[in-house]
Amino acid sequence: MFVSPDCEKLQYSGRIDHTKKDAPVFVYPCSYVKIRFTGSRLAVLLENHRVYWDNYMGYLLDGKQEKFKLAESGKHTYLIDVPKTADADSKVHECMLFKRMDACHHVTFYGFELEDGSNVLDLQKLPVRKMEFYGDSVSAGEVSEACAYVGKEDPIHQGEFSNSWYSYAWMTARKLGADIHDIAQGGIALMQQTGWFCEPDALGMENIYDKVEYHPQLGNSMLWDFSAYTPHVVVIAIGQNDSHPRDYMADDPKGDKAQIWKEHYATFVRSIRVKYPAAVIILTTTILQHHVHWDEAIEEVWARLQDARIYHFLYSCNGCGTPGHIRIPEAEQMAEELSTFIEGLGADIWKEK
């Protein structure tokens, strides 16, 4: 039994390219499709579009999380193991297939396959609360599963440890009972020609934030329709890869380059405010090691904006927590601190304006 991507009983979340209803493209981490079904067989038809790393998809089946490795290219059917039980034919299962990684690859989803006689059932509605994150590899959950390296540099890897489920971003959203769009890309800084993403012609967040597809090696870029999703809370966690190739903010926080960055940062925040006039916007970085002058620059911009619904948030170990990516326990602590701060803003922030 084939279940087409445009089946009305499937549920999608995340900034996904739905231009082709029968072949949606997953780009961003934390984006997913969910199905509730009966029967003892589940398979998914996918086409991977790889740029780098080994690429994996994640899934949550009846509350248990697993992953599978994708072929580098071509359409392939991937079998998801459904536990056999005595009442296998009638037992109800729920599976969420999600993107573990950023735009190191895109994935085209062509549908699910169930055994004949299965039923596709209705799902609970998505959460009313909505969040959106703009960030880098930390917000994407890159190398998060390398738990033997808590507080240490990253191990050598090929993408197998990256998992958006364990990003502080998705953890925070789950703690708050919120839906999430995670606009996060490893290596990205704010401005062009800084950071690591797409070097030597590096793209910045100000280049991709309004796109649903943006990697130059994966085809033409495509604009996102911001009316499709309006978050109550936006978290902007940019300012860590901006020190590459030169940490000008550490060297000269009042210099010309630093002033240009602050102007671009202010412009970016204002652009988010224009998109979401009523949203609470939280400016922050993470516990990944970086010079304190970056957070001081954000504080300066925050004060200049004079917007009562914009906040500057710092973690207890902000900028000094780890030299490597954030592992699961560290992300859990970050999510606890961030969700506590957001809860402290009161329930009214989640009301429609």
**Report entry** Distance flag, aromatic centroids of Trp165 and Tyr59, threshold under 6.0 Å
**Finding:** no
Practice task
Check whether the side chains of His290 and Ser243 place a donor and an acceptor atom closer than 3.5 Å, and report yes or no.
Solution key: no
Under the 6.0 Å and 45° cation-pi test, does Arg174 pair with Trp170? yes
* His215 and Phe197: aromatic ring centres closer than 6.0 Å? -> yes
Exercise. Is the cationic atom of Arg327 (NZ for Lys, CZ for Arg) positioned less than 6.0 Å from the six-membered ring centroid of Tyr166 and within 45 degrees of its normal?
Worked result: no
Centroid separation under 6.0 Å, is that true for the rings of Phe2 and Tyr110? no
All heavy atoms of Val120 vs all of Cys7, minimum pair found to be CG1-SG, 4.5 Å
Check: Tyr12 ring centre within less than 6.0 Å of His18 ring centre: yes
Legend entry - Short side-chain donor-acceptor distance under 3.5 Å, Gln259 and Glu263: no
Query raised in the report: Do Asp102 and Ser137 get their side chains close enough for a donor-acceptor pair, meaning under 3.5 Å?
Result: no
So CG of Asp247 and NE2 of His291: to nearest 0.5 Å the spacing works out to 7.0 Å
Check the orientation of Tyr229 and His181. Use parallel for under 30°, tilted for 30 to 60°, and perpendicular for over 60°. parallel
Residue set satisfying salt bridge (Lys or Arg N to Asp or Glu O under 4.0 Å) with Lys254, at least two apart, ordered chain then number -> Glu300
